[in-house]
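Note that the coordinates shown come from a computational prediction; the quantities given were computed from them, not determined experimentally.
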Amino acid sequence: MAVITIETSGPADGRIYPGRAAVVSWIFFDWAAQPYFTLITTFVFAPYFAAHVAPDAASGQALWGFATAAAGIVIALLSPVFGAIADATGRRKPWIAAFGAMLVIGASLMWIGRPGAPELIPPLLAAYVIATIGVEFATVFNNAMMPTLVPPERIGRLSGTGWATGYVGGILSLVIVLGFLAANPDSGRTLFGFKPLFGLDPVSHEGDRISGPLTGLWFIVFVLPMFLFTPDFPARHRLRAAVGEGLGQLKQTLRSLPQQRDVALFLLANMIYTDGLVSLFAFGGIYAAGTFGWNTIQIGTFGIILAAAGTFGGWLGGKLDDFLGPKRVIAGSMTLLLLAIIAILMVSRDSVLFISVTPAVPGGPLFASLPERAYLLLGCVIGACGAPLQAASRSLLIRMVPKERVAQYFGLFALTGKVTSFIGPLLIGIITAATASQKAGMAVLVLFFATGLLLLARVNSGGRAGQGA
C-alpha cells in the first residue's frame, strides 16, 4: 500500500495521537466502502440497470435518478440529527456498524435484479436506497473520527490518503468483477478471457448482479481493522440522555450559523457542488452506455482507468491540501471539473467538439473511435479531480469547526451534501424523460459547479498561512 504515508509522531499541538496501526485501519474504511460507489452507483450495476433491467436507457437513467433523490432526502433530513446524538454519546463505531449493516443488506439484495423483469424494478430500487442511506451515514461517523487520529497540520494528508486508498480498493474490485465474474453475453468470456467463476451465467448478467453481494462482503471484511485497531471516542452519555442533549446542541448550532458566515457559506457551496459531483458520478457510466453502446466490460475498464486517475488525484490533492490549503484544492478541482463537463457535452457518438468523425460502433473494439477516446480522457480529468475535491472538503470543514462538535458538523456537512442532492438526479431524470436526451439531462451539471465555485470564492477559511482564500 504505497499510498499510505501518514506519520503520527511529534504532534505540534502537544496532544497524544494513536499509532500508525490505528491510522491505517481508519484509512481502510475508505477501501471498504469505495466499491459501493465504484461497482454499484457508477460503473457496473447502474449502467446494467439502465441498459438491461429498465425498458430503455433514458427511462433507466430517469428511474435511477428518482431513487437516488429519495435516498438523498432521507440522508439530508437525518444526518445532522444522528451526528448531534453521536457527539453527545461520544461513540462513533456503533453507528458505523448499524449503518454498515444497512449497506451490506441493501447491496446484497441487488442480486435479484435480473434482466427483462420489470416487476423487480421497485424492490431493486428500494434495496439501492437502503444501501445508499447506509453507506452515507456510516461515512458521516467515520469522518468524525479524523481529528483524534492526527495533528491538524496532517489532516489534509490523512483525508487525501484515505480517498486515494479507497480508489485503489475500487480499482481492485473492478478488476475482480471484470476479469473473473462478468462476461460478455456474446462471447461468454470475461475481460481476461476466462469463463466466469462460480458458473455465473453471462446471458442473465449474473456477473453484473454479483457486484451487489460482492460489495457487501467486501465491506464486512475490510472494515474490520477499523473496529479492531482504531480507538473510538469514550462514551459520555447513555443514548436516551444523548438524544436530548444532542438535539439541543444541534438547535444551538443551527441558530449560530448566521453568525458563522464563512462556515455557512462553505456549507452552502458544498451543498451545491456536491450535488453536481454525486450526479456526475451516478450518471457518467449510464451516459456512456447510452451514448456509445458500451457493455459492462467496456464501462468497467473505463472505470478502472478513472479510478487510477482518482488514486493519483487523491494522493496529490492531500499533499497540496497541507501545502496550499484545502480551499485552493477545492477551487482548482471544481474549475477543471466544470471545463471537463462542458467538453463532454461536445462529444457524441460521431463528433468531437462538433466536428464529425468516424462514429463509435456499439460493441466494437475497446475505445476504438476518437469520441470514445475523448470521453476517456475527460473521464480521467473527472476522476483525478473528484477525489481531491471530496477529500479537501472534509479537511476544510475540520479546520473551521470546534473539535467537540465535529460529528454534528459532519452531520450538517452531510446535510448540505444531501439536502439538495435529490435535485441534481431529479432534474437529470425529469429533463432526460421530457426530452428523451441524455445529453440534455447532463447539461444541468454545469450550473451546479459554476454556482459552487462562485460561493466558495467568498469563503474565508482562516487558519494558518496558506489556508485562506
Smallest heavy-atom separation, G276 atom then L445 atom, equals O-CD2, 3.8 Å
Answer yes or no: is there a side-chain heavy-atom contact under 4.5 Å between F266 and I330?
-> yes
Quick one: are W95 and F137 in side-chain contact, heavy atoms under 4.5 Å?
-> no
F312 atom CZ, over 12 foreign heavy atoms within 6.0 Å | no
Under the side chain to side chain contact (heavy atoms under 4.5 Å, CB included) rule, what do V168 and W315 come out as? Steps first, then yes or no, please.
-> CA-CA 11 Å; V168 173; W315 173 82; over 6 Å; no
Which heavy atom in A340 sits nearest to a heavy atom in I382, and how many Å separate them?
-> CB-CG1, 4.0 Å
Step-by-step side chain to side chain contact (heavy atoms under 4.5 Å, CB included) determination, M271 to L268 = CA-CA 5 Å; M271 176 178 73; L268 180 61; 3.1 Å; yes
Straight-line distance of N143 CG to R92 CZ, nearest 0.5 Å | 11.0 Å
Can you tell if the side chain of T161 reaches within under 4.5 Å of the side chain of I27, non-hydrogen atoms only?
-> yes
Under 30°, 30 to 60°, or over 60°: which ring-plane class applies to F29 and F219, parallel, tilted or perpendicular?
-> perpendicular
Nearest-0.5 Å distance that lies between atom OG1 in T215 and atom OH in Y36 = 8.5 Å
Test item: V129 and V74 side chains (from C-beta on) under 4.5 Å apart, heavy atoms | no
Between OG1 of T274 and CD of Q390, what distance do you get to the nearest 0.5 Å?
-> 7.5 Å
With side chain to side chain contact (heavy atoms under 4.5 Å, CB included) as the test, would you mind laying out the steps for L63 and F49 before giving the verdict?
-> CA-CA 10 Å; L63 287 168; F49 173 84; 4.1 Å; yes
Is any side-chain heavy atom of P123 less than 4.5 Å from a side-chain heavy atom of I112?
-> yes
Donor-acceptor contact below 3.5 Å, side chain W218 vs main chain W31 = yes
Would you name the heavy atoms of S108 and P213 that are closest together and state the gap between them?
-> O-CG, 3.7 Å
Can R157 and D321 be said to form a side chain to side chain contact (heavy atoms under 4.5 Å, CB included), step by step?
-> CA-CA 7 Å; R157 198 184 315 174; D321 186 319; over 6 Å; no
Minimum heavy-atom distance between D322 and R154, given as atom pair plus value = OD2-CA, 4.0 Å
Check the surroundings of atom CZ in F198: do more than 12 heavy atoms from other residues, nucleotides or ligands lie under 6.0 Å from it?
-> no
Verify whether one side chain among S204 and D201 offers a donor that lies under 3.5 Å from an acceptor in the other.
-> yes
Do you know the tightest heavy-atom contact between P388 and G314?
-> CD-N, 4.0 Å
Atom OG1 of T230 and atom CE of M145: how far apart are they, to the nearest 0.5 Å?
-> 5.5 Å
From L224 atom CG to F229 atom CZ, the distance as rounded to the nearest 0.5 Å | 9.5 Å
Between Y128 and W64, does the ring centroid distance fall short of 6.0 Å?
-> yes
Side chains of L376 and E372: does their closest heavy-atom pair fall under 4.5 Å?
-> no
R189 CZ: over 12 foreign heavy atoms closer than 6.0 Å = yes
Flag the pair F99 / V135 as yes when at least one side-chain heavy-atom distance between them is below 4.5 Å, and no otherwise.
-> no
Could I get the full list of side chain to side chain donor-acceptor pair (under 3.5 Å) partners for Y48, not counting sequence neighbours?
-> none
Shortest non-hydrogen contact from M334 toward Y273 | SD-CB, 3.4 Å
Here the gap from L174 atom CG to L39 atom CG, rounded to the nearest 0.5 Å, amounts to 5.0 Å
Do S395 side-chain atoms and A391 backbone N/O form a donor-acceptor pair below 3.5 Å?
-> no
Between F28 and V223, is any pair of side-chain heavy atoms under 4.5 Å apart?
-> no
